[in-house]
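Quick note on labels: first sequence line is chain A, next is B, and so on, each numbered from 1.
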2 protein chains.
Amino acid sequence: MTHTDLDDVKPRLGRKRDHTRDPEILDAAIDVLAETGYDGMTIDMVAARAKAGKATLYRRWPSKPELVLDAVACMKSNDIDFDALPDTGTLRGDLIAMIKPHGIRDHERKLRVMAGIVSMIARNPELAAAARDALVEPRATVNRIFFQRAMDRGEIPADSDIEKLCMIGPAMVAYSVLMLGEPIDREFLIANIDTVILPAAGVRVATQ
Amino acid sequence: MTHTDLDDVKPRLGRKRDHTRDPEILDAAIDVLAETGYDGMTIDMVAARAKAGKATLYRRWPSKPELVLDAVACMKSNDIDFDALPDTGTLRGDLIAMIKPHGIRDHERKLRVMAGIVSMIARNPELAAAARDALVEPRATVNRIFFQRAMDRGEIPADSDIEKLCMIGPAMVAYSVLMLGEPIDREFLIANIDTVILPAAGVRVATQ
DNA sequence: TATATACGGTACTCTCTAGTTCCGGATATG
DNA sequence: CATATCCGGAACTAGAGAGTACCGTATATA
């Protein structure tokens with residue numbers, strides 16, 4: 001109560017808060033989320049998987065909902081490299097070029113995460129926005145570029161509804177996995193492009 | 001321990017177990033499921049909504065999972081009247097004829113239920129099967145009939161992939177509602193038919 | 001080297017809910 | 001009218017998980 005150096009009022013420092021492990025913790029949260037869903041996920045599971053203390057998690061995120069929100073929002077990163085987008089000269093070529101084993105696995109993980117939080121989305125606008133930004137928008141943006149190019153080339157009609165066309169692929173994949181329980185593979189995606197997306201887009205050139 | 005009439009071994013009867021209210025209880029369960037999701041739903045909520053005692057629910061269903069399973073399985077009923085399917089002579093006509101205000105509301109409720117249980121579906125095959133039977137198959141069956149007719153008529157190519165075509169509508173609707181958070185209305189469904197489904201199906205006649 | 005701080009980990013509290021038990025009242029059977 | 005049984009409802013038990021408090025240890029700064 002008596003003498004304290006003014007210098008000591010602010011802590012004189014030990015280590016600074018270690019934020020280097022935040023990504024690992026968020027990644028662990030996403031894993032658990034994908035495996036068990038929002039309600040099945042416990043803070044202890046996340047802490048254990050990240051080999052961190054539960055208290056450490058609460059030092060960074062005030063509650064479970066905010067941890068999940070942050071985790072979902074941060075998925076954005078390890079996704080698509082917008083600086084290295086394919087440009088093959090045809091719509092079909094571009095769409096096919098986006099099919100990569102890594103991308104399929106990534107997409108299935110995203111869908112499982114989505115499945116784990118859909119029921120919250122209707123009641124939590126903030127989470128809904130984060131999920132859209134991180135999970136649906138990146139791929140929609142890519143498709144928009146592809147379809148716009150195709151339109152500029154005259155490959156698809158000038159009055160096409162690009163927004164709707166962009167949705168077809170993601171919608172079919174999500175439906176197959178989530179509702180029908182069928183895993184996705186390369187053949188499915190190609191068949192989807194050739195028998196649904198391109199015909200719907202009105203591509204003139206006969207594919208195959 | 002001594003004398004008991006053999007007639008009394010089987011209870012001599014009071015009232016028989018009243019199963020007349022089962023549908024109301026299951027309907028209440030579906031409502032709560034749609035509003036709060038599986039984990040948010042409590043047995044007390046269902047009992048309260050059905051104006052039944054909690055004990056009454058446990059007299060009929062041994063656990064929450066089995067109640068939900070039964071509730072989902074029993075949604076099948078109040079759906080589509082297969083004896084009064086439209087038959088307008090064109091694929092577009094048939095698809096449009098299926099758009100009814102009641103049907104839209106019904107479908108949105110189904111989708112909310114689906115959202116409430118998707119995360120379980122990956123880990124509960126029985127529930128997954130019930131959900132498919134009750135929520136996706138009925139509509140898929142209708143579509144299958146429409147597309148088959150169209151093929152028989154020569155309205156769509158003979159080598160069309162009917163299974164894929166059947167999925168487009170449901171997939172687009174589910175994606176819009178669940179992922180994009182956009183409510184469905186008549187215009188959306190019509191635009192979907194005219195700009196996606198019919199073009200994908202390769203319908204010759206210019207629609208509009 | 002000394003020290004303040006954040007770390008991982010454990011143990012605790014508190015709330016919520018699945019599932020059980022018990023009760024008074026209603027009702028169909030006889 | 002008597003009675004067995006089921007009803008709705010309320011009170012209770014048990015377990016799981018969110019969030020908190022505290023510990024001994026590791027480490028970056030000075």
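Listed for the A:Glu155 side chain is a donor-acceptor partner under 3.5 Å among the backbone atoms of A:Leu91.
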Protein heavy-atom contacts under 4.0 Å, written 5' to 3' over nucleotides 9-14 of chain D as B (base), S (sugar-phosphate only) or - (none), form the string B-----
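A straight line from NZ of A:Lys64 to P of C:dT15 spans 18 Å, rounded to a whole angstrom. At whole-Å resolution of the value, CH2 in A:Trp61 and P in D:dT20 are 15 Å apart. Distance B:Arg60 CZ to C:dG19 P: 17 Å, rounded to the nearest Å. Here C:dA6 presents its P atom at 16 Å from CG of A:Leu57, a figure rounded to the nearest Å.
Interface residues of residues 29-45 of chain B facing DNA chain C, ordered by number: B:Met41, B:Thr42, B:Ile43; criterion, heavy-atom separation under 4.0 Å.
OP1 or OP2 of C:dG8 lies within a sub-4.0 Å distance of a side-chain N or O belonging to A:Arg21.
The side-chain hydrogen bond (donor to acceptor under 3.5 Å, both in side chains) test applied to B:Glu24 returns B:Arg21, not counting sequence neighbours. Not counting sequence neighbours, B:Lys164 has no partner by the salt bridge (charged side-chain N to carboxylate O under 4.0 Å, His left out) test. Taking B:Pro23 as the reference, nothing meets the side-chain contact (heavy atoms from CB on, under 4.5 Å) condition, with sequence neighbours excluded. Checked against side-chain contact (heavy atoms from CB on, under 4.5 Å), B:Cys74 has the following partners two or more places apart in sequence or in another chain: B:Leu26, B:Asp70. In this structure, the side-chain hydrogen bond (donor to acceptor under 3.5 Å, both in side chains) partners of B:Glu137, at least two apart in sequence or on a different chain, are B:Arg144.
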Please table the atom pairs, donor to acceptor, closer than 3.5 Å between any side-chain atom in residues 39-58 of chain A and protein atoms at least two apart or in another chain.
| residue | atom | partner | partner atom | Å |
| --- | --- | --- | --- | --- |
| A:Thr42 | OG1 | A:Met45 | N | 3.1 |
| A:Asp44 | OD1 | A:Lys54 | NZ | 3.4 |
| A:Arg49 | NH1 | A:Glu35 | OE2 | 3.1 |
| A:Arg49 | NH2 | A:Glu35 | OE1 | 3.0 |
| A:Thr56 | OG1 | A:Arg59 | NH1 | 3.3 |

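Pairs passing the salt bridge (charged side-chain N to carboxylate O under 4.0 Å, His left out) check and including a residue from residues 101-119 of chain A, sequence neighbours excluded, read A:Asp27-A:Arg109, A:Asp31-A:Arg109, A:Asp79-A:Lys110.
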